[in-house]
There are 2 protein chains.
Amino acid sequence: MSDRARHIPEATVARLPVYLRSLAELVDDKIPTVSSERLAEMAGVNAAKVRKDLSYLGSYGTRGVGYDVEYLLFQMSRELGLTHDWPVAIVGAGNLGSALANYGGFTQRGFPVAALFDSDRAKVGQEIHGVEVHHTDDIAPLAKKLGVGIGVIATPASAAQDAADKLVAAGVGSILNFAPTVISVPEGVSLRKVDLALELQILSFYQEHRDADG
Amino acid sequence: MSDRARHIPEATVARLPVYLRSLAELVDDKIPTVSSERLAEMAGVNAAKVRKDLSYLGSYGTRGVGYDVEYLLFQMSRELGLTHDWPVAIVGAGNLGSALANYGGFTQRGFPVAALFDSDRAKVGQEIHGVEVHHTDDIAPLAKKLGVGIGVIATPASAAQDAADKLVAAGVGSILNFAPTVISVPEGVSLRKVDLALELQILSFYQEHRDADG
DNA sequence: GAACGCTAGTGCGCAAGTTCACAAGCGCAC
DNA sequence: GTGCGCTTGTGAACTTGCGCACTAGCGTTC
C-alpha cells in the first residue's frame, strides 16, 4: 500500500482533487458511503478509472458496499498534503496578483497568501487584502522565513523567469505560473501553468473546425 | 495536407498556441526563419515533437533551412481560427467575472467580451469595463444576436451547470469553466476548465511528497 | 555539377494512460 | 451456514502520445 504511493501516475494526481471535492459534497449531504460509479458520475469520469485511481492510495473500499466517504476523504486529504496549511507567495501585485490576493478561496482551502512581491518600489509597503507588498529582492529571505513552499507568478511575461529564479532561490518547491510565457525551473521543482488566452485559443481551434468535422 | 488537418491530436492542439506565441516573439525580433530546435527551446518542448506537431498543419518547413516565421505564423493563426475575432460571453459578474471583463488581454487577443450575464437583478444594467450586464434569462437571444461562439462561466459552483445549459441553448459551442465544479455538456460542445484551487492542490501533493521521493 | 552540411519530415518501438471484463470478497437474507 | 447480489480491485488489451533515429531533400560551396 504505502509502497505504491510513491508511484501515483501524474494523470491520477491531477484527478484526486476532483474526487476530493465530490467527497466533500457527499459529507455535506451526510451520505456515509459511495460507490465508484456514483463518484465517477460526480467527478465526470469513468467508474473503472475511479477504482484504479483510488487503488493507488490503498484498499480503502469495501466490496459489495463502496467507499466510506469520511474515511476516504481523510486518506485523500492526507495524501494530497491538505491536512496542514501551505503558505503561498504571490509575485506580481498588478491586476491579476491583486485579484488573486483578494480571492478568499485560497486561504479557505488551506493556501493562505503569506506574502506579496512586486518589483515596483511604488507598490512596496501597500497592503492588499491585509497582506503587505514587499520588493522582489526580498523574496529569498522573506519566503524562507514565512515557510512558503508554493509560489504563484502573476507578473508580466517579461518578468516571469526572474520571478521563478528568485522563488527557486528562496527554496520554493512548487510554482504556479499565470504569466503567458514558458519558464524553466531546475529539476525537482514542480511547475504548473494557467494561461487564459491559451485556453481560449484552444477552444477557438475546435470552434473553427466544428462545422468541417461534422 | 488538408486531409490530415482533420485528425490533429488533442495534445498537439494544446501546444499550437504556445508555438504561436513563440512565433510572435520571433516576428517582433525580426527573425525571418526558425529551426525546430530553436522553436522547441522557446516553447519548452522536444524538437522532434515540434516537427511532428507542425507536420499536422502541412509541410511548411524547408529542409536545411527551417520554417519561415511569418508564413508559419499565418498558417497557424488560420488553423487556430485566429484570423477573425471570437466574441465571448461571460456568465457571472462577481469578482472573477468582473476581473475577466476588465482584463484587456482577452480583447487584445481577439476575444472581445461581447456580453456579461448575471442572475442577480441588482447587477443587471450596470456597466463593467464598458460592457453592460444582462440577466441570465436573456443569454439565449442576446448571445445568438451577438454571434457569441465561446462562453466563459465565472459563477459560483452551484450556478455553473445552469449557466452551461443556457449557453448551450444559445448555440455556444465552446465553454471555458472557472467554477470549481464538474459540468456536463452535450456531445459536440467543447469544454475546458480552469480551477485555481485544484492546481494548488496538485502542487501540494508534489510538495508533500518531495522529501519522500528524493 | 558534385559533394557536403544542415534541417524537415516520419517510421517505429516504447511508455503512459484508459477501458474492459472478470475474479475476489463482503454483507445480507433465509 | 450457505447462497446470492453487489461492488471493489486488477490483469490485460487497447489507445494515445512521445522521442529516437533515420531518410529525404534543400542550399551552398568549390
Side-chain angles (χ1 to χ4, degrees), chain A residues 1-16 18-19 22-23 26 31-69 71-73 75-76 79 202 205-206, chain B residues 1-16 18-19 22-23 26 31-73 75-76 79 202 205-206 213:
Chain A
M1 295 196 207
S2 61
D3 274 353
R4 74 178 92 173
R6 291 181 193 165
H7 305 293
I8 302 186
E10 271 189 54
T12 294
V13 172
R15 279 188 297 269
L16 291 183
V18 181
Y19 300 142
S22 305
L23 289 170
L26 291 168
I31 296 170
T33 59
V34 65
S35 67
S36 60
E37 197 161 350
R38 176 86 183 90
L39 195 52
E41 190 195 325
M42 295 180 76
V45 298
N46 179 293
K49 207 187 280 183
V50 169
R51 291 199 295 274
K52 188 152 279 187
D53 284 344
L54 297 185
S55 77
Y56 288 113
L57 305 180
S59 284
Y60 296 141
T62 306
R63 292 164 198 241
V65 178
Y67 300 90
D68 182 289
V69 172
Y71 185 60
L72 185 58
L73 183 67
Q75 291 296 344
M76 198 174 289
E79 194 70 33
I202 294 170
F205 172 87
Y206 289 112
Chain B
M1 296 194 206
S2 60
D3 273 355
R4 73 178 93 172
R6 291 181 194 166
H7 305 293
I8 302 186
E10 271 190 55
T12 294
V13 171
R15 279 188 296 269
L16 292 182
V18 181
Y19 301 142
S22 305
L23 290 169
L26 291 167
I31 296 171
T33 59
V34 65
S35 68
S36 60
E37 198 160 352
R38 175 87 182 89
L39 195 52
E41 190 194 326
M42 295 180 74
V45 299
N46 179 292
K49 207 186 281 185
V50 169
R51 291 197 295 276
K52 191 157 282 188
D53 284 345
L54 296 186
S55 77
Y56 288 113
L57 305 180
S59 285
Y60 296 141
T62 306
R63 292 162 198 243
V65 179
Y67 300 90
D68 182 288
V69 171
E70 287 202 34
Y71 184 60
L72 185 57
L73 183 66
Q75 291 296 345
M76 199 174 289
E79 194 69 34
I202 294 170
F205 172 88
Y206 289 111
D213 295 354

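Chain identifiers are assigned alphabetically (A, B, ...) following the order of the sequence lines, protein sequences preceding nucleic acid strands; residue numbering begins at 1 within each chain. All values below were derived from every heavy atom in this structure, side-chain atoms included, with hydrogens, water molecules and symmetry-related copies excluded.
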Q | Pairs flagged by salt bridge (charged side-chain N to carboxylate O under 4.0 Å, His left out) wherever residues 58-71 of chain B is involved - sequence neighbours left out | A | none
Q) Could you give the CZ-to-C1' distance, from A/R38 to D/dC6, as a whole number of Å? A) 17 Å
Q | Centroid-centroid distance, B/Y60 to B/Y71, less than 6.0 Å | A | yes
Q: Taking only the side-chain nitrogens and oxygens of B/S59, find out if one of them lies under 4.0 Å from OP1 or OP2 of C/dG9.
A: yes
Q) When the distance from CZ of A/R51 to P of C/dA21 is rounded to whole Å, what number comes out? A) 12 Å
Q: Sequence neighbours left out, what passes salt bridge (Lys or Arg N to Asp or Glu O under 4.0 Å) with B/R15? Give chain and number order.
A: B/D53
Atom pairs under 3.5 Å: protein N/O with N/O of nucleotides 28-30 of chain C:
none

(Q) Taking the nucleotide of DNA chain C with the nearest heavy atom to each, does A/E10 or B/G66 sit closer to the 5' end? (A) B/G66
Q) Counting only side-chain N and O atoms of A/Y67, is one of them less than 4.0 Å from OP1 or OP2 of D/dG9? A) yes
Q.
Side chains of A/L72 and A/Y19, heavy atoms from C-beta outward: is any pair under 4.5 Å?
A. no
Report, one pair per line, the protein and nucleotides 13-15 of chain C atoms (nitrogen or oxygen only) whose separation is under 3.5 Å.
none

Output one line per pair: protein atom, nucleotide atom from nucleotides 12-16 of chain D, and distance, for all N/O pairs under 3.5 Å.
from, atom 1, to, atom 2, distance (Å)
D/dA12, N6, A/K52, NZ, 2.8

Q.
Is B/N46 close enough to D/dG17 that one of its side-chain N or O atoms is under 4.0 Å from OP1 or OP2 there?
A. no
Q.
Whether A/R15 contacts C/dT18 is assessed here as follows: a side-chain N or O lying under 4.0 Å from the phosphate OP1 or OP2. Is that the case?
A. yes
What pairs of nitrogen or oxygen atoms, one from the protein and one from nucleotides 26-30 of chain D, lie under 3.5 Å apart?
from, atom 1, to, atom 2, distance (Å)
D/dC26, O4', B/R63, O, 3.4

